Each structure stands twice: as structure tokens, then as C-alpha cells.
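So that the names make sense, note that chain A is the first sequence line, chain B the second, and so on, each numbered from 1. None of the values given here were measured: they were computed from a predicted structure.
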Number of protein chains: 2
Amino acid sequence: MKKKDTTQRILDAAEALFAEKGVSNTSLREITSRAGVNLASVNYHFGSKLGLVEAVLKRRLDPLNKERLKRLQAIKREADSTGKAPSVRAIMQAIFEPILIMVDTQAFIRIIARSMTDPDETVKNVFLREIGPVFRLMFSLLMRALPHVPKDVLFWRVQFALGAMGHSLWAIGRVKMVPEGVDASISRDRLLELWLDFCTEGLENP
Amino acid sequence: MKKKDTTQRILDAAEALFAEKGVSNTSLREITSRAGVNLASVNYHFGSKLGLVEAVLKRRLDPLNKERLKRLQAIKREADSTGKAPSVRAIMQAIFEPILIMVDTQAFIRIIARSMTDPDETVKNVFLREIGPVFRLMFSLLMRALPHVPKDVLFWRVQFALGAMGHSLWAIGRVKMVPEGVDASISRDRLLELWLDFCTEGLENP
DNA sequence: GTCTATAGATTGATAGAC
DNA sequence: GTCTATCAATCTATAGAC
């Protein structure tokens, strides 16, 4: 079995550590020692720590948001051709489900969740840039699906739905506060289902 | 006008900076220079940076969660004495409204929101310790309000609601991505109302 | 491409005068 | 309690041998 590419090893190690402790609580030394590579190789391959942060996020966010966009565009085409309003549930599913489908590691989910909340400037910028087109298309479809909901109200409901998604993705597998008698373990598919129920209800509320 | 206490000045400056950039992106030098006090005074008054972090969070979370607990206990007493199930909306209101009522600065809201997501270990620990009793009482009341919802499902719905709250509190006043024609500015009371509508609907879903 | 060695900056913390 | 001065550790980044 061939040893993995240095670039990949660094990305994997950085992803795990960024997801776990946040970008600025992770040093390049931790990353390279976990990856089993030399400290200087980070700067050789990525130019700087910022370059590495960008690369780590883009590796996941890029295909994720491409897949989301593809699904949303399919929903739009369907709505355009039939003249019927798109389904709220289908729209939201197009946002969440690609995360579960494209998973290959536990760290993947966490880096997505982390990218929504990490205080680091670079993280915020990359996240917003990457999700921009997805967000705009999602919002315009939701407006068509829910013409009776005022735009400004819809905007905040979408924020609620995204906040719920991010928080639950973050909590999955690492819930700290579980009431007695509750089984907090959950499959990803089940989480998707519960989230869709929850936020479809909240979005459609008249 | 008397100059404020050094301790207070440090707490205020630290709160603003922690809320803005996160704990580990903020140095003691930034804090003391913003507060107009000497660098060494942080260690004199708080022992260490960790001590300061704890103090900053506790100053807000302590009275906040006391107020929440008071309200939840009142709801419990009412339910106990009348034998009627408590109202989901009232329970959720007891969680969110105290944040708005106890506000004295913009930074206050952000430090609450930040405390839910900052990757720093100390932040997470203080937040969980402080909210523990509130969470348990809230959950037991929700179980009484929604006896037909399985515990495990309810648990995740509560996570959704809290995630929605945290994210929207964070977004308020600093929304980065606003679709054309949408007015994302919103009063705190209005946000509370929208959030209650959203998550009451989602929690009660059969 | 990979390594050692180190520069250069910044950090949290503290000793000691006032 | 407040200040200056500084230590010791840690960080990112880079120069240069291999």
C-alpha cells in the first residue's frame, strides 16, 4: 500500500485538528507531527497557514456546494417547466443531504459545522464566498415555494433552519448534556429526517 | 463622573473582543490597551487569561441562567398546581427572552452567542456548567408539554431550537449575505417572536 | 521535495520598584 | 493597586544543505 501524498496527509491532519479545536488553537507543529511530515512542508505546499486553512475548507466546501447547486438547479428546472411551486422539503433536503452523502470521515462533518462558526477571519470569508450562490438560489426557490411569507420573515426563518443544521451537525457524536433516559445517539439519515420535519414545519408556518 | 473600576474596564474590553474575534484570537495586550489599563493588571485581578475568560462569561451567564431558571420554575409550579401541561411557547420564551431583557450592550448578545460556539475549551466548559440545570428543567417541562413526542426525538428538536437561537443571535446586526430586496435588520422583540413561531411549530410537530 | 536550524514576532506571565 | 521591564515559551515563516 502506497504511502499517502504529503499534501493529503497534511490536509487530513489539519482538517481533524481544525474541526476539533478550531483554527487558531491549532499550530502548524501539531499538524505536521500528526501528519508525520516535516514542519517546513506546510509552507512548501500551501505557502502559509492561511493557505492551508483555505485549502482544507475548499476541499470539502467546493464539491459540497457544487452538489447542492446541482440539486437546487434541478428543482428550479422542474418548477420552471411545470409551473408548479417547488417543495420546501425538497429545497431543504438539497442543502443538508449532500453533507451526509459526501462523507468520508467523521472530521468531514465537523469541519463543515465548524466552518459556520469558527471565529477565524479566513474561515468566515471562505465559507461565505463558497456558499453565496447556493444561498441565493435556495432563497429564491423558497420565495416561490412560500409566496405568502414576507421576504424579511422568510430570511430569518432560513437563518433559523441553517443555525439548527449547523448546531446539530456539530453536536452529533459529541453531545455533552444528555437528560436521563434519552438516547442521544442518532444515525445521519435519521438526523436529516428530523431536521427536515422540524424546519419544513417552521418555514411553512403561515 | 467617576472613572470605572479597573476590573470592570477589563471585563468590558475583554467581552467586546472575545465576542468579536473569539477568545484565542484576542491577546491580553489588546484587551488592556482597549481598556486603558496596564498589562499586568489582568494577572493581578484575574490570575491568568483563563481566569479572565471565566469571569467574562460568568458575569453574563450567571444572572441570565438564574433568570431562566426562575421562569421555568414558575412554569413548573403552575403546571404542578393546575395539573395542566405547560405551554411549549412559554417554556421556549423563558429560555430566549431573558437574553433580550438583560441586555445592556450589543456585546452582551454576542458573548452569549459566542459562548455556544467558541472552540476554546474553557468557554465550552463554563457554558455547559452554567446552563446545565436550565437545560434539564427545560427538557423535563417539554416532556410534559409534549408527551406524544418520543424523548429521543424531542432531544434533537431541542438541539435544533437552540442552534437556531444561537445562530440568529450571532447573525443579528451583522448579517453578511442578504438577498436583494430583503431587509435583514430586525428588532430583538421581533426576532424573539419569529423564533418562537418557528420552533414552537417544529417542536409540537406530531 | 524534504530536512535542520533559526530568524523574527508575539504571547502569557512575573519580578520588583513605586 | 499600578507601573516598567523582561523572561521564557510558542508561534509562523524562511534560508540553505541535501
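- Residue S27(B) places none of its side-chain N or O atoms closer than 4.0 Å to OP1 or OP2 of dT10(C).
- From I10(A), atom CD1 reaches atom CD1 of I31(A) across 8.5 Å, with rounding to the nearest 0.5 Å.
- Between I10(B) atom CD1 and dC3(D) atom C1' the separation is 13 Å, expressed in whole Å.
- Between F96(A) and W195(A), the ring-plane angle classifies as tilted under the 30° and 60° cut-offs.
- Within the 4.0 angstrom heavy-atom criterion, no nucleotide atom of any strand lies near T7(B).
- Along DNA chain D, the nucleotide nearest to R29(B) and the one nearest to T6(B) differ in position, and the one closer to the 5' end is contacted by T6(B).
- Nucleotide dA7(C) holds its P atom 19 Å from the CG atom of L28(A), rounded to whole Å.
- Between the CZ atom of R9(B) and the C1' atom of dG1(D) there is a distance of 15 Å, given to the nearest Å.
- Counting only heavy atoms from C-beta outward, the side chains of M92(B) and L203(B) approach each other to under 4.5 Å.
- Taking the six-membered ring where the residue is Trp, F160(A) and F198(B) present tilted rings, their angle falling between 30° and 60°.
- Residues S24(A) and N25(B) have side chains that bring a donor and an acceptor to within less than 3.5 angstrom of each other.
- Classification of R114(B) and D120(B) as a salt-bridged pair fails, no side-chain N sitting under 4.0 Å from a carboxylate O.
- Residues of residues 37-58 of chain A having a heavy atom closer than 4.0 Å to DNA chain D, listed by number: L39(A), A40(A), N43(A), S48(A), K49(A).
- Across the protein-nucleic acid pair, D120(B) atom CG and dG12(C) atom P stand 12 Å apart, rounded to whole Å.
- One can place CD1 of I31(B) at 15 Å from C1' of dT10(C), the figure rounded to the nearest angstrom.
- S24(A) comes within 4.0 angstrom of no nucleic acid atom, judged by non-hydrogen atoms across all strands.
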